[in-house]
Protein chains: 2
Amino acid sequence: MGEPTLAEWEAKNEIAFQRIQELLRVLSKSKMLHVLYALGMGKGGLRFSELKKSSLADSTTLTRRLTELEEIGMIARKELSTTPPAVEYHFTESYDILKPILEGLLHYGLEGVNTQS
Amino acid sequence: MGEPTLAEWEAKNEIAFQRIQELLRVLSKSKMLHVLYALGMGKGGLRFSELKKSSLADSTTLTRRLTELEEIGMIARKELSTTPPAVEYHFTESYDILKPILEGLLHYGLEGVNTQS
DNA sequence: CAGTATCCTTGAAGATACTG
DNA sequence: CAGTATCTTCAAGGATACTG
């Protein structure tokens, strides 16, 4: 019996398993991946309006996602003392976790997998 | 003006942009990432019951996600002539797109980012 | 510009029950 | 085991309107 690899792994790594489940749950929220993706494509921070445009998210939803991302420490807010005042969002170091995700997606978009005609 | 990189990129890559938006939308569905993750952790295919257990998804929801993944050609079904008859799901080559995603997540789970106490 | 506050609506998840 | 069919519920998304 060298079969039940997955179940075994889960049992022995229950903590990791739960962390992942939770992250997965957060990432599953509507527009979450879109926001992250937009942020990943931008160079060094994007403003609210830019994120709104790129993620195609409603103001309300965008605010929600941004708040959640801040709460899990994935992004940080930075108020700019420009005229007019603006706000920039950028990744924290935790971004390293998401980097491969975003790169994978970008790759997908550019390559063209042709799953249909 | 060397600033509007994101907007520019999007304009010039509208097709890629739309492909990505659509993939993002599909991936955002509940339990989708969980299912993919479970599948990614398994060795060479998992059965319905295993996926159900690992993804913590309801039968109904699991069926829905599995169907959607088949439709976009991301996974394939394989009926086994065992006793009792079983079914195995496994990634197609399109899996390469998702691989970095899953690996990133696994890394996250194991490392422990400590965003809170 | 960068949000916040409401309300409304609906998509979609999930429980249950049943089938080949 | 591996689903399918219904039905109910409810979270959550999005439209609108307003603010510092």
Notebook entry, point to check: Tell me, what's DNA chain C's dot-bracket, Watson-Crick or G-U with both distances under 3.5 Å, | for other-strand, [ ] crossing?
Noted result: ||||||||||||||||||||

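- Proximity of a side-chain donor or acceptor of B/Arg65 to a complementary backbone N or O of B/Ser30 within less than 3.5 Å is detected.
- Using a 4.0 Å heavy-atom cutoff across all strands shown, B/Ser49 reaches sugar-phosphate atoms only and no base atom.
- Annotation: side-chain contact (heavy atoms from CB on, under 4.5 Å) contacts of B/Glu22 (sequence neighbours excluded): B/Arg25, B/Val26.
- For B/Phe91, the ring-ring contact (aromatic ring centres under 6.0 Å, His included) criterion is met by B/Tyr95, not counting sequence neighbours.
- The ring pair (Phe, Tyr, Trp, His ring centres under 6.0 Å) pairs that include a residue from residues 19-66 of chain A number zero, where partners must be two or more places apart or lie in different chains.
- Remark: B/Ser54 pairs with A/Glu10 by the side chain to side chain donor-acceptor pair (under 3.5 Å) rule, at least two apart or across chains.
- Screening residues 55-64 of chain B for salt bridge (Lys or Arg N to Asp or Glu O under 4.0 Å), with sequence neighbours left out, gives no hits.
- B/Phe17 is linked by a ring-ring contact (aromatic ring centres under 6.0 Å, His included) to nothing, counting only residues two or more places apart in sequence or in another chain.
- Comparing A/Thr67 and B/Lys29 along DNA chain C, the residue whose closest nucleotide (by nearest heavy atom) sits nearer the 5' end is A/Thr67.
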Each nucleotide N or O in nucleotides 14-16 of chain C that has a protein N or O under 3.5 Å away: list the pair and distance.
residue, atom, partner, partner atom, Å
C/dG14, N7, B/Arg64, NH2, 2.9
C/dA15, N6, B/Thr60, OG1, 3.1

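- Listed by first and then second residue, the salt bridge (Lys or Arg N to Asp or Glu O under 4.0 Å) pairs that reach into residues 30-45 of chain B come to none, sequence neighbours excluded.
- Protein chain A touches strand DNA chain D; the 5'-most and 3'-most nucleotides with an atom under 4.0 angstrom of its non-hydrogen atoms are D/dG13 to D/dT16.
- For residues 77-92 of chain A, the set of pairs meeting the salt bridge (Lys or Arg N to Asp or Glu O under 4.0 Å) definition, not counting sequence neighbours, comprises A/Arg77-A/Glu79.
- Remark: B/Ser49 engages B/Arg47 in a side-chain contact (heavy atoms from CB on, under 4.5 Å) (not counting sequence neighbours).
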